[in-house]
Amino acid sequence: MFGNRTKHDGDATGPSATLIIDRPEPGDGTAMWRIARDSRVLDLNSSYAYLLWARDFAGTSVVARSGDDVVGFVSGYLRPDAPGTLFVWQVAVDASHRGKGVALTMLRELVDRAHARGARLLETTITSDNEPSIRLFTSLAREAGVALERGPLFTGELFPDAHEAEDLYRLGPWPS
């Protein structure tokens, strides 16, 4: 896989030269909520949901720490009906750390951890206009040398609000 990459040496000119990719703790839920809110592109869940996520899905999620601050997160879970599939729900990086490879570094670490738990596929959903996420997951598949399939999952009509359609991206399988 990608190897042990829990420590990330970032841009030395940025706010921090070193990031630690770590397992979230319930206390990180507040920062996760803030980062999602401040992204202005993610669907914002309740603050309570992020606290629960950091507790109940910590084994399939990661946070990026710069010093004492959480500056990014990836939330994910193993699908109950397909436990060999890691579903990535949200990827978010604080504005102060964007453009430095933090999202890809967090995804690599999460894939390695999920792979150790038996996951061989990664799924996520992305709206058709979210070019940064499309590039991120395309880069991850290319770097890992795995297939990437894309197709419709949730049409806009399924949502009770004005939410755009979400396409399913499936990466893998990763070798055993």
Side-chain angles (χ1 to χ4, degrees), residues 1-80 82-119 121-127 130 132-133 135-137 139-140 143-144 163 166 169 171 174:
M1 299 305 311
F2 296 105
N4 185 356
R5 296 179 184 235
T6 56
K7 191 172 182 182
H8 171 67
D9 293 326
D11 178 358
T13 63
S16 174
T18 302
L19 293 178
I20 302 297
I21 309 302
D22 201 4
R23 177 185 173 109
E25 299 174 357
D28 297 329
T30 299
M32 294 166 66
W33 178 85
R34 179 193 52 77
I35 293 167
R37 180 200 64 198
D38 293 352
S39 77
R40 299 184 187 258
V41 295
L42 290 178
D43 290 335
L44 184 62
N45 300 296
S46 72
S47 56
Y48 180 69
Y50 290 95
L51 296 173
L52 282 175
W53 203 279
R55 184 192 79 161
D56 293 346
F57 298 101
T60 52
S61 300
V62 295
V63 293
R65 299 184 194 282
S66 175
D68 293 333
D69 297 326
V70 172
V71 297
F73 72 90
V74 178
S75 57
Y77 61 89
L78 295 178
R79 289 189 49 212
T85 301
L86 170 68
F87 185 86
V88 171
W89 187 318
Q90 290 186 316
V91 177
V93 177
D94 186 79
S96 66
H97 284 75
R98 288 186 199 140
K100 299 176 183 175
V102 176
L104 185 57
T105 298
M106 290 188 298
L107 277 174
R108 287 182 193 126
E109 178 68 23
L110 183 56
V111 166
D112 283 350
R113 291 177 186 195
H115 188 265
R117 295 177 68 168
L121 295 171
L122 181 152
E123 291 182 344
T124 195
T125 61
I126 305 173
T127 58
N130 189 338
S133 288
R135 282 193 306 270
L136 175 65
F137 285 94
S139 294
L140 180 69
E143 180 180 302
H163 198 289
E166 293 273 353
Y169 284 71
L171 288 68
W174 269 267

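Using a 4.5 Å heavy-atom threshold, the side chains of Val70 and Ile35 count as touching. Looking at Phe137 and Leu107, their side chains come closer than 4.5 Å, going by heavy atoms from C-beta outward.
Without hydrogens or angle criteria, Thr85 side chain to Arg79 main chain gives no donor-acceptor distance under 3.5 Å. Here the side chain of Thr60 pairs a donor or acceptor atom with the backbone of Gly76 at under 3.5 angstrom. Here the side chain of Thr124 pairs no donor or acceptor atom with the backbone of Tyr169 at under 3.5 angstrom. Asp94 places a side-chain N or O within 3.5 Å of a backbone atom of Ser96 that can act as its donor or acceptor partner. Side-chain atoms of Arg37 do not come within 3.5 Å of backbone N or O of Leu44 as any donor-acceptor pair. With hydrogens and angles ignored, the 3.5 Å screen pairs a side-chain donor or acceptor of Ser46 with a backbone N or O of Ala49.
Nearest approach of Ala36 to Ser39, heavy atoms of both residues: O-OG, 2.7 Å. Ile21 and Met106 get closest at one heavy-atom pair: CD1-CG, 3.8 Å. The two residues Glu109 and Val62 come nearest to each other via the heavy atoms CG-CG1, 4.3 Å. The minimum heavy-atom distance linking Trp174 with Ala144 is given by the pair NE1-CB, 3.5 Å. The two residues Asp22 and Arg113 have their closest heavy-atom pair at C-NH1, 3.8 Å. Between Pro24 and Ser61, the closest heavy-atom pair is CD-O, 3.3 Å.
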(request) Please test Leu122 against Leu140 for side-chain contact (heavy atoms from CB on, under 4.5 Å), starting from the C-alpha separation and ending with a verdict. (result) CA-CA 10 Å; Leu122 181 152; Leu140 180 69; 4.1 Å; yes
(message) Working note: Leu104 + Arg108, criterion side-chain contact (heavy atoms from CB on, under 4.5 Å); need CA distance, chi angles, decisive distance, verdict.
(response) CA-CA 6 Å; Leu104 185 57; Arg108 287 182 193 126; 3.3 Å; yes
(message) Using side-chain contact (heavy atoms from CB on, under 4.5 Å), reason through Val74 and Gln90 one step at a time and then give a plain yes or no.
(response) CA-CA 6 Å; Val74 178; Gln90 290 186 316; over 6 Å; no
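In this structure, CG in Leu78 is found 12.5 Å from CZ in Phe87, a value given to the nearest 0.5 Å. Rounding to the nearest 0.5 Å places CG of Leu51 at 11.0 Å from CH2 of Trp33. Atoms CG and CE, on Asn45 and Met32 in that order, are 9.5 Å from each other to the nearest 0.5 Å. Here the CG atom belonging to Leu121 is positioned 10.5 Å from the NE2 atom belonging to His115, to the nearest 0.5 angstrom. One distance of note links CG of Leu110 with CG of Leu86; it measures 5.0 Å at 0.5 Å rounding. Taking CZ of Phe73 as the reference point, atom CH2 of Trp53 lies at 10.0 Å (rounded to 0.5 Å).
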